[in-house]
J.: 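Below are the structure tokens for one structure; questions will follow.
Lettering of chains follows the sequences in order, A, B, ..., and the numbering in each one begins at 1.
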Amino acid sequence: MSPFETVDGDDDARPTDEPSFTVDIDGFEGPLDMLLSLARAQKVDLRRISVLQLAEQYLAFVASARNRRIELAADYLVMAAWLAYLKSRLLLPPEETDEEPSGEDLAARLALRLERLDAMRRAAAKLMARDRLGQEVFSRGAPETVQIERALTWTAGLGDLLKAYARIGTKEIDRPLRFDRPPIWGVEAALTRLREALGACPDWRALAEHLPPDWLTDVQRCRSAVAGGFVATLELARRGELELRQEGSFAPLMIRAAEPQTRKDAA
Amino acid sequence: MSTMTAAKAERRIDTLFAAPPEVEQERMVEAILFASADPLPLAEIAARMPEGTDALAALARLQAAYGTRGVRLVEVAGGWAFRTAPDLGFLMRTEAEETRRLSRAGIETLAIIAYHQPVTRVEIEEIRGVAASRGTLDLLVELDWVRLGPRRETPGRPATFVTTETFLDHFGLASARDLPGLEELKAAGMIGPAPAAGPLPLDGAADR
Amino acid sequence: MSTMTAAKAERRIDTLFAAPPEVEQERMVEAILFASADPLPLAEIAARMPEGTDALAALARLQAAYGTRGVRLVEVAGGWAFRTAPDLGFLMRTEAEETRRLSRAGIETLAIIAYHQPVTRVEIEEIRGVAASRGTLDLLVELDWVRLGPRRETPGRPATFVTTETFLDHFGLASARDLPGLEELKAAGMIGPAPAAGPLPLDGAADR
């Protein structure tokens with residue numbers, strides 16, 4: 001059960017030091033509610049109610065409650081006191097020097113207040129009488145989900161493009177400084193390679209066969225390899241480590257490892 | 001998105017795009033709204049339609065076409081939605097939502113917030129003449145009918161309460177200005193600041 | 001429920017209840033199906049309708065009435081339901097636009113293609129000095145900034161890439177020949193000065 005099924009929803013706001021027993025005077029929600037109810041009973045337009053009569057009715061009610069030893073909530077008593085004051089102001093002729101509002105003013109204010117509460121009551125009734133969603137009116141029971149497609153738009157400006165190209169175009173310039181190894185097969189490397197080659201294969205072979213194949217791929221490197229190999233060959237021949245021969249001009253230069261005898265002599 | 005809106009603004013000038021025929025525009029609005037359980041603002045409908053279409057005109061034609069059918073096109077909660085005709089509510093008992101019955105205090109408080117919004121708690125109490133219970137306001141907030149509005153720029157900067165789109169949708173209101181009898185109540189001085197509160201009891205009921 | 005069904009069975013005999021007019025029956029079916037979360041079998045629709053109505057006939061009329069509108073009454077597994085017209089499916093998607101800048105790899109690849117077109121993938125990799133990711137080229141093709149060009153008449157006949165009209169449009173170029181050359185870029189300050197070829201930083205001054 002919902003806690004709001006009863007009309008006592010306002011009780012929980014009250015401080016606990018108030019009397020726990022509050023007269024639920026026929027379900028009135030406070031003195032203003034009760035006054036409105038009494039005013040309605042006059043069966044005239046709220047603007048034409050007799051506030052004096054209303055005050056008297058209210059005071060009579062409070063008196064009877066007291067007689068029946070019913071403890072009234074404090075706000076009912078405050079209202080009673082104020083209405084008693086209002087009644088006196090209405091009945092006694094106003095004094096010339098009186099700075100307080102006149103009885104008629106006070107009565108008019110109370111009447112307006114009742115009117116305003118009444119107006120909200122009527123408005124609430126109209127509101128609740130409307131065709132309500134889920135009661136009289138229904139929405140689509142099977143709504144179709146709307147797919148959200150994330151459309152990615154990629155952008156790049158001409159500036160980005162040019163900068164990117166400039167960056168690539170200058171990579172060679174921008175790279176860290178280092179010395180390039182020139183494409184030269186040095187004599188030292190040639191000596192090492194030829195000594196190894198002759199050790200493994202001491203018989204007559206063309207010098208070209210002993211050159212490193214990866215140096216023969218382009219002209220520049222090939223020249224360097226041939227030159228390096230030739231200088232190394234001459235050097236090894238001088239040291240007596242190899243023998244060389246050539247059949248004729250421009251014929252392949254043949255080399256082989258020197259005979260041990262020759263080597264000894266040279267030493 | 002902004003470029004789209006700019007493009008829309010130019011649509012009257014731009015005749016390059018042939019807008020879909022009127023019947024087609026009606027079909028589109030119909031499908032878009034049918035697919036949604038919640039009201040869609042005109043701007044959102046228009047944004048989903050192709051260039052050069054007139055969503056508002058299509059809505060008007062569609063509303064007329066549905067007329068008094070079992071399903072109607074209504075303007076509600078700041079948008080447009082299809083809703084079943086109220087006279088057929090009895091057929092939808094299986095769909096009817098179990099609603100918590102609002103107490104009289106709850107109903108009155110809701111009405112006061114709806115008609116007086118933005119309204120502070122103290123103002124609600126002044127009108128009702130009793131202290132507002134925390135539970136009553138909490139329930140209205142929980143139902144998503146009421147939410148906190150801007151703070152009142154008066155001493156203490158009290159919070160105000162306003163109604164929500166869910167409230168409008170639930171009660172079939174296009175906007176808060178369409179509350180029944182709002183204009184009459186305003187004209188009669190029933191809404192708005194009370195003239196000179198004066199020494200009436202119950203003012204400041206919240207202080208107790 | 002069983003008493004209701006029994007009553008229904010008798011409806012042909014029972015003439016006490018005046019059935020609602022046909023238009024009204026259509027409205028009822030319309031509202032019931034609209035509000036239902038699931039497709040409804042004929043039997044259930046009929047069960048919800050008042051005595052003496054012919055749900056099937058009403059369904060048929062309603063289906064014809066919706067015809068080719070933006071919403072259709074269709075028979076699906078499990079019963080009858082309203083569905084938005086399939087040809088309007090595109091309206092059920094909203095686009096959330098998001099703009100992202102092309103990655104460095106993307107823009108570099110694009111620049112190489114723009115300046116060296118037609119250019120093979122291997123050539124792009126050689127120039128950039130890194131392997132080209134599949135995704136980068138795919139994105140450029142997807143954006144329609146780059147497309148496949150003629151195959152290179154070399155062993156393996158590798159595919160080449162060239163830029164498109166869309167590319168020229170996007171970058172505001174009349175033709176690919178309008179791209180400024182390296183010298184112009186240098187003059188425009190797009191390329192910084194090359195590192196000094198002067199004295200070697202033997203004392204490590206360059207590190208500071």
J.: Quick check: under 4.5 Å, non-hydrogen atoms only, which of residues 71-80 of chain B neighbour chain C?
T.: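 Result: B:Val71.
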J.: What's the shortest heavy-atom distance between B:Met92 and C:Ala35, and which atoms?
T.: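 Between these two residues, the closest heavy atoms are CG-CB, 3.6 Å.
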J.: Name the region of C:Thr68, side chain, backbone, both or neither, that has any atom closer than 4.5 Å to a heavy atom of chain B.
T.: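 Looking at C:Thr68, just its backbone touches chain B.
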J.: Measure across C:Pro50 and B:Leu91 and return the closest heavy-atom pair with its distance rounded to 0.1 Å.
T.: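 That closest heavy-atom pairing would be CD-CD2, 4.3 Å.
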J.: Relative to chain B, which of C:Glu26, C:Met28, C:Glu30 shows the most heavy atom pairs under 4.5 Å?
T.: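 Among C:Glu26, C:Met28, C:Glu30, the one with the most close pairs to chain B is C:Glu30.
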J.: Counting only heavy atoms not in C:Glu125 (residues, nucleotides, ligands), do more than 12 fall under 6.0 Å from its CD?
T.: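 Yes, because the 6.0 Å sphere around CD of C:Glu125 holds more than 12 heavy atoms from other groups.
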J.: Does CD in C:Gln117 sit with more than 12 non-hydrogen atoms of other residues, nucleotides or ligands closer than 6.0 Å?
T.: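 It does: C:Gln117 CD has more than 12 such atoms within range.
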J.: Heavy-atom pairs under 4.5 Å with chain B - which of C:Ala37, C:Gly70, C:Ala85, C:Ala65 has more of them than the others?
T.: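 The option with the most such pairs is C:Gly70.
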J.: Is C:Leu88 close to chain B through its backbone or its side chain, or both, or neither, when contacts mean heavy atoms under 4.5 Å?
T.: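 Side chain of C:Leu88 only, per the 4.5 Å heavy-atom cut-off to chain B.
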J.: Please flag which part of B:Phe82 lies under 4.5 Å from any non-hydrogen atom of chain C: side chain, backbone, both or neither.
T.: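 The answer is both parts of B:Phe82.
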J.: Under 4.5 Å heavy-atom distance to chain C, tell me which part of B:Leu33 shows up: side chain, backbone, both or neither.
T.: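 For B:Leu33, neither part sits under 4.5 Å from chain C.
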